Amino acid sequence: MTPTIRTAEPADATPPSSPAALLAANPVIPVVVVDSAEDGVAVGKALVAGGITTAEVTFRTAAGAEAIRAMQEVEGLTVGAGTVINTTQVEAAIAAGARYIVSPGFSADVVRATLDAGIISLPACSDASWIMAALELGIDTVKFFPASINGGIPAIKALSAVFPGLGFVPTGGVNASNLGEYLAVDAIRACGGSWMVKKDLVAARDWEQITRLSAQAVAIAKEAGR
């Protein structure tokens, strides 16, 4: 049964043009995996109802591009593409309307194709060498993945000391219990995670729980000053 979705505060109709603008407006980025465009739209509405105004829709399923296209119609939602690993997926994501591209690793070809299209690129870099490669292409914010395995907050603090001004978006092992701790770090611009949109919640069509967990995440972010 589809729940009654409360109206969220209106979002800026202008798509974010830079990582700084995107992440300032979205300190929590849900990583969404869906098997159909219909589920994607329902998840998007549930997120917005909870106060989250973006969704990183992954290419882990065949429905990724279709879901991104359909979710553009959800009022107040900025949709990006995640798990993008090659330029073919970059083209498909942009054609579907993705406003930003997130990768699980660093690919110069993916970053170039994304930036050439005028779209925000968030490649994952887990060590200094990959960060330097990203900086050479003009990237000023990187995904840090998988965060928990690669040292979490201590690792990000160490890297930020070497690369002052670089922004990080840790994903992988971030959840409601440690979100506030992550967001308290100045170098961390936002956090990605799937705890509010777990596949079992989507499979059960438990949109109310997704909304509740989204609202909780927003509250934690606000307590952290975001």
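All residue numbers refer to positions in the sequence shown, counting from 1. A quick note: this is a predicted structure, and the numbers were derived from the prediction, not measured.
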**Q** Tell me, please, which residues at least two apart from Asp206 pass side chain to side chain donor-acceptor pair (under 3.5 Å).
**A** none

**Q** Report yes if some heavy atom in the side chain of Thr211 is under 4.5 Å from a heavy atom in the side chain of Lys45; otherwise report no.
**A** no

**Q** Would Phe145 and Ile149 show up in the same hydrophobic cluster when neighbours are defined by side-chain heavy atoms closer than 4.5 Å?
**A** no

**Q** What pair of heavy atoms forms the shortest contact from Val218 to Gly50, and how long is it?
**A** CG2-O, 3.7 Å

**Q** Given salt bridge (charged side-chain N to carboxylate O under 4.0 Å, His left out), test Arg205 with Glu38 step by step and report yes or no.
**A** CA-CA 11 Å; Arg205 302 201 164 198; Glu38 179 185 10; 3.6 Å; yes

**Q** Please report the shortest heavy-atom distance between Val142 and Cys125, naming the atom on each side.
**A** CG1-SG, 3.9 Å

**Q** Hey, quick one: are Leu77 and Ile101 part of the same hydrophobic cluster, counting side-chain heavy atoms closer than 4.5 Å, chains of contacts allowed?
**A** yes

**Q** Taking it one step at a time, do Asn26 and Thr78 satisfy side chain to side chain donor-acceptor pair (under 3.5 Å)?
**A** CA-CA 10 Å; Asn26 300 284; Thr78 298; 5.4 Å; no

**Q** To the nearest 0.5 Å, what is the distance between CZ on Arg212 and CE on Met196?
**A** 11.5 Å

**Q** Is there side-chain contact between Glu181 and Ile153, with at least one heavy-atom pair below 4.5 Å?
**A** yes

**Q** Give the minimum heavy-atom separation between Ala113 and Thr87, together with the two atoms involved.
**A** CB-CG2, 4.0 Å

**Q** Around Asp200, counting heavy atoms of other residues, nucleotides and ligands shown, do more than 12 lie under 6.0 Å from its CG?
**A** yes

**Q** Are the side chains of Pro19 and Asp140 in contact, using a 4.5 Å heavy-atom criterion?
**A** yes

**Q** How close do Gly165 and Arg189 get, heavy atom to heavy atom, and via which atoms?
**A** O-NH2, 3.4 Å

**Q** Taking it one step at a time, do Leu135 and Ile131 satisfy side-chain contact (heavy atoms from CB on, under 4.5 Å)?
**A** CA-CA 6 Å; Leu135 290 173; Ile131 288 173; 4.0 Å; yes

**Q** Main chain of Phe106, side chain of Ser103: is a donor-acceptor contact present, judged purely on distance under 3.5 Å?
**A** no

**Q** Taking only residues two or more places apart in sequence, or in another chain, which ones meet Ala147 in a side-chain contact (heavy atoms from CB on, under 4.5 Å)?
**A** Phe144, Pro170, Tyr182

**Q** Using the side chain to side chain contact (heavy atoms under 4.5 Å, CB included) rule, pick out the option among Thr88, Val90, Val84 that qualifies with Asn86.
**A** Thr88

**Q** Here's a test for you: under side chain to side chain contact (heavy atoms under 4.5 Å, CB included), which of Val33, Val34, Val57 qualifies with Val43?
**A** Val34

**Q** Would you give the length of the straight line joining atom CG of Leu159 to atom CG of Leu166, rounded to the nearest 0.5 angstrom?
**A** 8.5 Å

**Q** Under 4.5 Å between any side-chain heavy atoms of Val197 and Val31, yes or no?
**A** no

**Q** Is there a donor-acceptor pair closer than 3.5 Å between any side-chain N or O of Asp127 and the backbone N or O of Trp130?
**A** yes

**Q** Report the C-alpha distance between Val48 and Glu75 in whole Å, list the side-chain angles of each, state the deciding distance to 0.1 Å, and finish with yes or no for side-chain contact (heavy atoms from CB on, under 4.5 Å).
**A** CA-CA 8 Å; Val48 171; Glu75 185 176 358; over 6 Å; no

**Q** How long is the gap from CG on Leu179 to CG on Leu183, to the nearest 0.5 Å?
**A** 4.5 Å

**Q** Calculate, to the nearest 0.5 Å, the distance between atoms CG and CG belonging to Leu213 and Leu201 respectively.
**A** 6.5 Å

**Q** Counting C-beta onward and ignoring hydrogens, is there a side-chain heavy-atom pair between Ile156 and Ile188 closer than 4.5 Å?
**A** yes

**Q** Between CD of Gln89 and CD1 of Ile94, what distance do you get to the nearest 0.5 Å?
**A** 12.0 Å

**Q** Would a distance-only check, ignoring hydrogens and angles, find a side-chain to backbone donor-acceptor pair under 3.5 Å from Asn150 to Pro146?
**A** yes

**Q** Sub-3.5 Å donor-acceptor pair from the side chain of Asp39 to the main-chain atoms of Asp35, do we have one?
**A** no

**Q** Would Arg99 and Ile120 count as a side-chain contact (heavy atoms from CB on, under 4.5 Å) here? Give the steps.
**A** CA-CA 7 Å; Arg99 299 298 184 181; Ile120 296 168; over 6 Å; no

**Q** Quick one: does Ile85's side chain get under 4.5 Å of Ser107's, heavy atoms only?
**A** no

**Q** Is there a side-chain contact between Thr58 and Val32 in this structure, where contact means two heavy atoms from C-beta onward sitting under 4.5 Å apart?
**A** no

**Q** How close do Ala65 and Ala92 get, heavy atom to heavy atom, and via which atoms?
**A** CB-O, 4.5 Å

**Q** Could you tell me if the side chain of Pro30 sits less than 4.5 Å from the side chain of Ile52, heavy atoms only?
**A** yes

**Q** Please report the closest heavy-atom contact between Phe168 and Thr141, naming both atoms and the distance.
**A** N-CG2, 4.3 Å

**Q** Between Ile29, Val28, Leu47, which is the residue that forms a side chain to side chain contact (heavy atoms under 4.5 Å, CB included) with Thr54?
**A** Ile29

**Q** Judged by atom type as modelled, is there a donor-acceptor pair below 3.5 Å linking the side chain of Glu56 to the main-chain atoms of Gly80?
**A** no

